[in-house]
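One structure is given below, encoded as structure tokens.
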Amino acid sequence: MGKDVIVACDFASKKDVFDFLDRFSGRKPFVKIGMELFYAEGPEIVKEIKKRGHKIFLDLKLHDIPNTVMKAMRVLSCLDVDMCNLHASGTRTMMEAAIKGLTREDGTRPILIAVTQLTSTDQESMERDLLINEPIDKVVMHYAATAKAAGLDGVVCSPLEAEKVHTVCGKDFLTVTPGVRFADGDIGDQKRVMTPAEAKKIGSDYIVVGRPITAAPDPVAAYERCVKEFVD
Ligand code: C5P
């Protein structure tokens with residue numbers, strides 16, 4: 001599975017996302033569709049973007065009882081997304097059920113990755129609200145190892161964790177990393193960031209890039225800069 005730049009299409013409507021994607025006449029970016037757009041526009045938005053030739057990471061972060069996740073994943077698999085995700089905290093049984101639901105009759109399935117601890121969760125809130133008292137770094141690596149044991153393909157993690165995930169879970173276990181900024185760019189609300197070139201160096205498999213591309217004066221040039229730094 002090759003390295004790629006995934007563009008986070010965090011737009012509120014179909015019109016906004018198509019106005020953005022219409023700019024790309026050459027290489028068609030791998031796009032991430034999140035909850036906001038999916039809930040606003042429904043599964044049709046996935047089909048339409050797919051039809052335009054883009055790969056799709058559907059970022060819905062499933063977390064429910066195994067049977068429900070299995071059936072929901074079956075639907076996502078039929079939508080022909082290329083990558084989707086769930087919360088590792090749903091347990092190994094839930095993750096195994098997800099794989100079962102995603103796997104098509106011919107044995108193929110979209111890439112499935114796990115969210116470990118959200119980057120919005122810190123040590124303090126994890127201890128206070130979740131009653132998990134281990135160091136957060138150990139929790140993240142444990143969740144990654146459990147995801148691997150369940151048969152998942154990788155995890156979403158910060159670029160700073162990618163190297164350790166590869167050490168713990170092997171280099172073929174995918175790391176999909178947001179929090180990417182150009183060296184001369186605005187970091188916005190992200191706290192721990194890396195440039196595309198640094199993310200490449202530490203072994204990220206996919207970078208997820210939103211505003212440095214979507215809010216750039218020339219989004220196509222910004223996307224191509226990312227590809228040049230990260231992939232080429
Ligand atoms: O605009 P920006 O590059 O910060 O967008 C990053 C994308 O990655 C957003 O869609 C955000 O929700 C997502 N993300 C993140 N941090 C995580 C998980 C997902 O920034 N830990």
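Whatever order the structure lists them in is the order used to number ligands and atoms, beginning at 1. In this chain, numbering begins with 1 at the start of the sequence shown.
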Task: Residue pair Arg181 / Pro196: nearest heavy atoms and the distance that separates them - done: O-CD, 3.7 Å
Task: Closest heavy-atom pair and its distance - Ile56, Val46 - done: CD1-O, 3.4 Å
List every atom of ligand 1 that sits less than 4.0 Å from any heavy atom of [X], numbering the atoms from 1 in the order shown and giving each element.
| X | answer |
| --- | --- |
| Gly210 | 1 (O), 2 (P), 3 (O), 5 (O) |
| Arg181 | 1 (O), 2 (P), 3 (O), 4 (O) |
| Lys32 | 10 (O) |
| Arg211 | 1 (O), 2 (P), 3 (O), 4 (O) |
| Ala8 | 7 (C), 10 (O) |

TODO: Give a yes/no verdict on a cation-pi contact between Arg225 and Phe230, requiring under 6.0 Å between NZ or CZ and the six-membered ring centre and an angle within 45° of the axis.
DONE: no
Task: Option from His166, Lys171, Lys200, Lys3 for which side chain to side chain donor-acceptor pair (under 3.5 Å) with Asp205 holds - done: His166
Task: Spacing of Ile213 atom CD1 and Asp218 atom CG [to the nearest 0.5 Å] - done: 11.0 Å
Task: Leu118 heavy atom under 4.0 Å from ligand 1 - done: no
Open item on the list: Checking contacts here: is it the side chain or the backbone of Pro212 that comes within 4.0 Å of ligand 1, counting heavy atoms only? Could be both or neither.
Closed with: side chain
Which residue holds the protein heavy atom closest to [atom], what is that atom called, and what is the gap in Å?
| atom | result |
| --- | --- |
| atom 19 (C) of ligand 1 | Pro178 CG, 3.8 Å |
| atom 21 (N) of ligand 1 | Thr119 OG1, 2.7 Å |
| atom 10 (O) of ligand 1 | Asp10 OD2, 2.8 Å |
| atom 6 (C) of ligand 1 | Gln190 NE2, 3.9 Å |

Open item on the list: Between Glu41 (side chain only) and Lys14 (backbone N and O only), is there a donor and an acceptor less than 3.5 Å apart?
Closed with: yes
Open item on the list: With a 3.5 Å distance limit and no angle check, can you tell me whether Ser158 reaches the backbone of Leu160 through a side-chain donor-acceptor pair?
Closed with: yes
Open item on the list: Testing the 3.5 Å rule here: is there a donor-acceptor pair between the side chains of Thr146 and Arg92?
Closed with: no
